[in-house]
Q: 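Before we start, here is the structure in question, set down as structure tokens.
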Amino acid sequence: MTRALPALECPPTFQPMFEQAVDELVYQLKCCIPDLHSVYIAGSIVRLEAVPGQSDLNVTIVTTNPLTSSDQAVLNSIVSRIDHQCPQIVAVQMTRLAKHEVLDIAAIFKWGFWLKHCCVCVFGDDLSSRFGCFEPSWEIGKSMNDDLSLQLNGYRRNIMATRVVSHYLSLCRDVAQKMIWSCYSLVFHRSGKLALSIEYAAQEFLIYYPQHKLAIERLFMLVSGQQVPKKAVLFMINDFGQWIVTEFDKIERKIG
């Protein structure tokens with residue numbers, strides 16, 4: 001019998017070095033984004049497992065109205081300031097949503113699940129309280145990757161265009177993380193286990209697809225920041241990335 005997953009609870013305090021980064025980010029958002037509704041943190045910082053110089057600050061912000069182009073520019077400036085002021089953070093990964101998007105019934109398996117089981121609210125009205133706990137399902141895995149092909153195409157274009165090594169390494173890291181999480185989404189409904197770390201996500205995937213162990217190892221090379229020739233990275237996106245997309249379609253035809 002499938003059981004509901006536990007909701008993610010906010011720790012009493014974050015690790016001191018990372019609590020400073022979270023506090024500074026929330027302060028700047030409150031000061032600069034008039035329509036700010038709520039702010040959520042996910043990832044290793046929430047699990048109290050963040051490592052200086054290795055961990056992202058994974059943030060989801062919700063606004064009462066859709067962001068204007070001016071708001072977008074302000075948010076980009078905030079991210080740049082946090083990156084500069086907090087060297088313990090590798091990068092700020094920011095998801096931007098309007099309140100109506102979160103509460104749209106059509107997106108419940110994506111944003112409802114995300115806020116309820118993968119994030120904690122650090123400012124504002126916690127929208128995760130609007131949702132009950134979810135059970136592992138194919139609908140969740142599919143919804144979390146509904147734009148996977150577009151995302152991979154975007155990463156491919158940006159990697160081909162970049163000429164700055166630091167930007168290239170950041171893009172490689174981001175696309176590798178996305179691909180590993182997408183692999184986990186392929187098996188989430190079968191494993192019934194909630195992975196909150198990328199390592200555990202890969203472990204669960206390989207239980208069902210052990211033949212792709214080498215591909216996962218190569219993705220973790222990119223996650224670690226190791227510089228790999230651009231041609232090899234583009235091949236990974238075109239080859240293994242396309243396999244992931246095709247496997248989603250295959251499972252959807254079987255289940256849906």
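As the structure is a prediction and not an experimental result, all values here were calculated from the model.
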Q: Step by step, work out the side-chain contact (heavy atoms from CB on, under 4.5 Å) result for Asn158 and Thr162.
A: CA-CA 6 Å; Asn158 291 335; Thr162 188; over 6 Å; no
Q: Looking only at side chains, do Gln242 and Thr246 share a donor and an acceptor under 3.5 Å apart?
A: yes
Q: Which pair of non-hydrogen atoms, one from Tyr184 and one from Ala201, has the smallest distance, and what is that distance?
A: CB-CB, 3.6 Å
Q: For Asn238 and Leu234, indicate whether the former's side chain and the latter's backbone hold a donor-acceptor pair under 3.5 Å.
A: yes
Q: Can we say Glu252 and Lys142 salt-bridge, meaning some charged N sits less than 4.0 Å from an Asp/Glu carboxylate O?
A: yes
Q: Is the backbone N or O of Met144 less than 3.5 Å from a side-chain atom of Lys110, with the two atoms forming a donor-acceptor pair by type?
A: no
Q: Taking all non-hydrogen atoms of both residues into account, name the closest pair between Leu152 and Gly241 and its distance.
A: CD1-O, 3.7 Å
Q: Any non-hydrogen side-chain atom of Ile45 less than 4.5 Å from a side-chain atom of Ile89?
A: yes
Q: Tell me whether Arg96 is salt-bridged to Asp71, with the criterion being a basic N under 4.0 Å from an acidic carboxylate O.
A: no
Q: Between the side chains of Lys99 and Asp35, is the shortest nitrogen-to-carboxylate-oxygen separation below 4.0 Å, so that they form an ion pair?
A: no
Q: Find out whether Val46 and Cys10 are in side-chain contact, i.e. whether some heavy atom of one side chain is under 4.5 Å from a heavy atom of the other.
A: no
Q: Between CG of Leu29 and CD1 of Ile82, what distance do you get to the nearest 0.5 Å?
A: 8.0 Å
Q: Donor-acceptor pair, Arg47 side chain versus Leu196 backbone, under 3.5 Å?
A: yes
Q: Start with the C-alpha gap between Val74 and Ile78, add the side-chain angles, then the distance that decides, and say whether side-chain contact (heavy atoms from CB on, under 4.5 Å) holds.
A: CA-CA 6 Å; Val74 170; Ile78 291 174; 4.1 Å; yes
Q: Please determine whether side-chain contact (heavy atoms from CB on, under 4.5 Å) holds for the pair Leu57 and Ile41, giving the CA-CA distance in whole Å, both sets of side-chain angles, and the decisive distance to 0.1 Å.
A: CA-CA 7 Å; Leu57 176 51; Ile41 306 295; 4.0 Å; yes
Q: Is there side-chain contact between Ile244 and Leu148, with heavy atoms separated by less than 4.5 Å?
A: yes
Q: Would the distance check show the side chain of Ser224 and the main-chain N or O of Met221 forming a donor-acceptor pair, the cut-off being under 3.5 Å?
A: yes
Q: Mind checking whether Asn153 and Ile237 have side chains closer than 4.5 Å, heavy atoms only?
A: no
Q: Return yes if some donor-acceptor pair links the side-chain N/O of Gln15 with the main-chain N/O of Ala50 below 3.5 Å, else return no.
A: yes
Q: Considering all heavy atoms of both residues, which atom of Trp181 and which atom of Ile198 are nearest to each other, and what is their separation?
A: CZ2-N, 3.7 Å
Q: Under 3.5 Å, side chain of Glu139 to main-chain N/O of Phe109, donor-acceptor pair present?
A: no
Q: Compute both the distance and the angle, then confirm whether Lys193 meets the cation-pi test with Tyr200: under 6.0 Å from the six-membered ring centre, within 45 degrees of the axis.
A: no
Q: Would you give the length of the straight line joining atom OG1 of Thr60 to atom CG of Leu127, rounded to the nearest 0.5 angstrom?
A: 11.0 Å
Q: Strictly by modelled atom types, are Gln28 and Glu24 linked by a side-chain donor-acceptor pair under 3.5 Å?
A: yes
Q: Given the rule that I, L, V, M, F, W and Y join up when any side-chain heavy atoms are under 4.5 Å apart, are Phe235 and Val175 in one cluster?
A: no
Q: Can you label the angle between the Trp243 ring and the His212 ring as parallel, tilted or perpendicular, going by 30° and 60°?
A: tilted
Q: Would you find more than 12 non-hydrogen atoms of other residues, nucleotides or ligands less than 6.0 Å from Tyr208 atom OH?
A: yes
Q: Are there over 12 heavy-atom neighbours, none belonging to Glu9, within less than 6.0 Å of that residue's CD?
A: no
Q: Between Leu219 and Lys178, is any pair of side-chain heavy atoms under 4.5 Å apart?
A: no
Q: Can you find a pair of side-chain heavy atoms, one from Glu199 and one from Ile180, that are under 4.5 Å apart?
A: no
Q: Output the distance between atom CG (Asp125) and atom SG (Cys121), rounded to the nearest 0.5 Å.
A: 7.5 Å
Q: Determine, step by step, whether Leu5 and Cys133 satisfy the side-chain contact (heavy atoms from CB on, under 4.5 Å) criterion, reporting the C-alpha distance in whole Å, the side-chain angles of both residues, the deciding distance to 0.1 Å, and the verdict.
A: CA-CA 6 Å; Leu5 298 164; Cys133 288; 5.7 Å; no
Q: Under a 4.5 Å side-chain heavy-atom rule over Ile, Leu, Val, Met, Phe, Trp and Tyr, are Phe188 and Ile255 clustered together?
A: yes
Q: To the nearest 0.5 Å, tell me how far Asn145 CG sits from Phe248 CZ.
A: 3.5 Å
Q: So which heavy atom on Trp138 is nearest to which on Ser185, and how close?
A: CZ3-O, 4.1 Å
Q: Over all heavy atoms of both residues, which pair between Leu169 and Gly225 is shortest? Give the atoms and the distance, please.
A: CD2-O, 3.8 Å
Q: One pair to check against salt bridge (charged side-chain N to carboxylate O under 4.0 Å, His left out): Asp249 and Lys254. What are the steps and the verdict?
A: CA-CA 9 Å; Asp249 292 340; Lys254 183 183 296 184; over 6 Å; no
Q: Does the ring centre of Tyr209 sit less than 6.0 Å away from the ring centre of Phe205?
A: yes
Q: For the CG atom of Leu67 and the OG atom of Ser69, what is their distance to the nearest 0.5 Å?
A: 10.0 Å
Q: Ignoring hydrogens and angles, tell me if any N or O in the side chain of Asp104 forms a donor-acceptor pair with the backbone of His100 under 3.5 Å.
A: no
Q: Please check if Val164 and Ile159 belong to a single hydrophobic cluster, counting links between Ile, Leu, Val, Met, Phe, Trp and Tyr side chain heavy atoms closer than 4.5 Å.
A: no
Q: Is the closest side-chain heavy-atom distance between Val90 and Arg173 below 4.5 Å?
A: yes
Q: Is there a donor in the side chain of Thr63 and an acceptor in the side chain of Asn65, or the other way round, less than 3.5 Å apart?
A: no
Q: Are Cys172 and Tyr155 packed together at the side-chain level, in the sense that at least one heavy-atom pair is separated by less than 4.5 angstrom?
A: no
Q: If I take atom CH2 from residue Trp111 and atom OG from residue Ser128, how far apart are they, to the nearest 0.5 angstrom?
A: 14.5 Å
Q: Does Val51 offer a backbone N or O that forms a donor-acceptor pair with the side chain of Ser55 under 3.5 Å?
A: yes
Q: Verify, without hydrogens or angle tests, whether Ser129 (side chain) and Asp126 (backbone) share a donor-acceptor contact under 3.5 angstrom.
A: yes
Q: Fit a plane to each ring of Phe134 and Phe113, take the angle between them on a 0 to 90° scale, and name the class: parallel (under 30°), tilted (30 to 60°) or perpendicular (over 60°).
A: perpendicular
Q: Of all heavy-atom pairs between Ser191 and Glu204, which one has the smallest distance, and what is that distance?
A: CB-OE1, 3.0 Å
Q: With hydrophobic residues grouped by side-chain heavy-atom distances under 4.5 Å, do Met160 and Leu171 end up in a single group?
A: yes
Q: Is it the case that atom NE2 in His167 sees more than 12 heavy atoms from other parts of the structure closer than 6.0 Å?
A: no
Q: Hydrophobic cluster membership, with links at side-chain heavy-atom distances under 4.5 Å among I/L/V/M/F/W/Y: are Ile140 and Ile108 in one?
A: yes
Q: Looking at Lys213, I want to see if its NZ is surrounded by more than 12 non-hydrogen atoms of other residues, nucleotides or ligands under 6.0 Å.
A: no
Q: Can you confirm whether Met17 is buried at CE, in the sense that more than 12 heavy atoms of other residues, nucleotides or ligands lie under 6.0 Å from that atom?
A: no
Q: Hey, which of Val62, Val120, Leu8, Ile61 is the one that makes side-chain contact (heavy atoms from CB on, under 4.5 Å) with Tyr40?
A: Val62
